[in-house]
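One structure is given here, and the rest of the page talks about it.
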Amino acid sequence: MGNTELRSRKIPFTFSAMLYRTSSIFMHVGSQSCPKRMTTTRSSSDRMAWSTCHPLCKCGSMYDILAAGWGACGTTGTPMQLTARALPGPSRGAGGHRAPAGSPPRPAHPGAARPQRTPRASSPQRRGAAAAPARAGSGRAGTGTRISGRARVGLARSRREESPPPDGRARAGQGHPRLPSQVMAEGELPSVLILDIGGTHGVLEDLAALLKKHFHLITMKEFLGNKEEMRKKIQSIFVFECRPTIDRELLESLPNLKVIANSGVGVDHLDLKMISSFGVKVTNTPHAVADPTADIGMALMLASARRLVEGCHIALSPDTKYFAVDWLGVEVTRATLGIIGMGSIGYKVAQRARAFNMRILYHNRNRRRKEDEEAVGAHYCAKMEDLLQQSDFVMLVVNLTPETHKLIGKKELGLMKPTATLINISRGAVIDQDALVEALQNKVIRAAALDVTYPEPLPRDHPLLNLSNVIITPHIGTATVQAIRMMAEEAIANMLAALNDQPIPSEVFPK
Ligand SMILES: O=C(O)[C@H](O)CO
């Protein structure tokens, strides 16, 4: 997200097309910095303000996309209205508008010229990425790709629109056919596929209620029970806790699917290239996850430093007779924290660590702006090795990509101080887990604190579970009442934008 902000800041953007208006969502889109102004626009209790203003705006204000307006951001810019309904009428394959058979062709964006898509290669991030010296990712935990700037407009039409299969049937890797059928009747809400409501893996009841304000929800069971009717209706999939599984078979069966909205920032469970070959967009929720994930990073660092879990066991144990005076932890205050992956979450960790007077080092594919570095007192390490050698705490906040897979292995662990602690809030596979077990057993490093492992959960006989110098939490970076609601809100905004061919707040592109 941070990188998105960096990239987007320079892109002036106006957007004025107001079409197919039903209920309204306003986005205040601007292109220049403005003073931070917190606002009081959160009127109803079921509203949840996002933690930051629009990525094009640097004011840091809170806003609520589902309320009828932004906070008093103060940035000059053009309000953009999204509709709460997808377009009724003609079938709209993932590639864009679909005219009913025999009707005259419709412009891609009726009534408005589409702004040109910002060439990706010209963005600062992409230029930086090309020249990147190191492997660390963009700094979003678990994200397999970069997120679009919100100024990415005029999105490319899909391949399927350019060359529909002549036989009118979906073909693997070539998208869906033109379907002349109605996707939605007038007044109908767009249909969204979800795994289930409630139960072990289903969408939580209150989130489902929120989604239902904007969409007609179809559960997997309903879909499978009446595939012929349902498959044409479904325009979006809401992925909650990595479910439902998105595979080729599912994509082939949904001719009018336009967008897969992931709840969470990490999309390593989605085959982005395959999904994109169907002309389907993928979105994620970088804004909602940043604060709670940074919090869990700090919680793990503090808990590991002060041996909180062990201490709790001692205090609770029926066998405890006295508290040993030589039972000691280490201090976080004034220690050196090395953050690997300085995107939005990494940066929020740095902000928090500054309050602990920590010395902050960071390694990232792209160096942050001087102002960003100075604001948190962070020092850039072009070489990850330098950071590893100097840090008392090393926190992993990279996305999981082929480049960051097993980023920390035997060699890297060997470079760390024997007194150092490794904290992972990204994805388990960023660490070579066998090498970590060995390093912890042999005291190559002091301790590890992991919110993520592979697999999750670990098999009950996994050696990591029997080490006293490890804390493991069950991937709870975003497991807060606030975060899951904000993720759903962010996903709703993404889906509404995608279904209405508006600029998508957080689109994720395949590399
Ligand atoms: O990727 C994320 O946002 C979190 O890890 C939750 O999945």
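Order of listing sets the numbers, starting from 1, for every ligand and every atom in it. Residue numbers start at 1 and run along the sequence shown. For the numbers below, each heavy atom of this structure counts, side chains included, while hydrogens, waters and symmetry mates do not.
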Check whether any side-chain N or O of Arg352 sits under 3.5 Å from a backbone N or O of Lys348 as a donor-acceptor pair, and report yes or no. yes

Indicate, as side chain, backbone, both or neither, the part of Arg427 found under 4.0 angstrom from ligand 1 when only non-hydrogen atoms are considered. side chain

Using heavy atoms and a threshold below 4.0 Å, how should the contact between Val265 and ligand 1 be classified: side chain, backbone, both, or neither? both

At under 4.0 Å between heavy atoms, what of His475 touches ligand 1? The answer is side chain

Return the set of residues passing ring-ring contact (aromatic ring centres under 6.0 Å, His included) with Tyr362 (not counting sequence neighbours), or none when no residue passes. Tyr380

By side-chain contact (heavy atoms from CB on, under 4.5 Å), Val444 pairs with (sequence neighbours left out) Ala439, Asn442

Can you sort out which atoms of ligand 1 are near Gly264, meaning under 4.0 Å from one of its heavy atoms? 3 (O)

In ligand 1, which numbered atoms sit nearer than 4.0 Å to a non-hydrogen atom of Thr478? 6 (C)

Would you say the side-chain atoms of Asp451 pair up with the backbone N or O of His475, donor to acceptor, closer than 3.5 Å? yes

I'd like to check which ligand 1 atoms, numbered from 1 as shown, lie under 4.0 Å from a non-hydrogen atom of Gly266. 1 (O), 2 (C), 3 (O)

Could you tell me whether Arg365 and Glu403 have a side-chain N and a carboxylate O separated by less than 4.0 Å? no

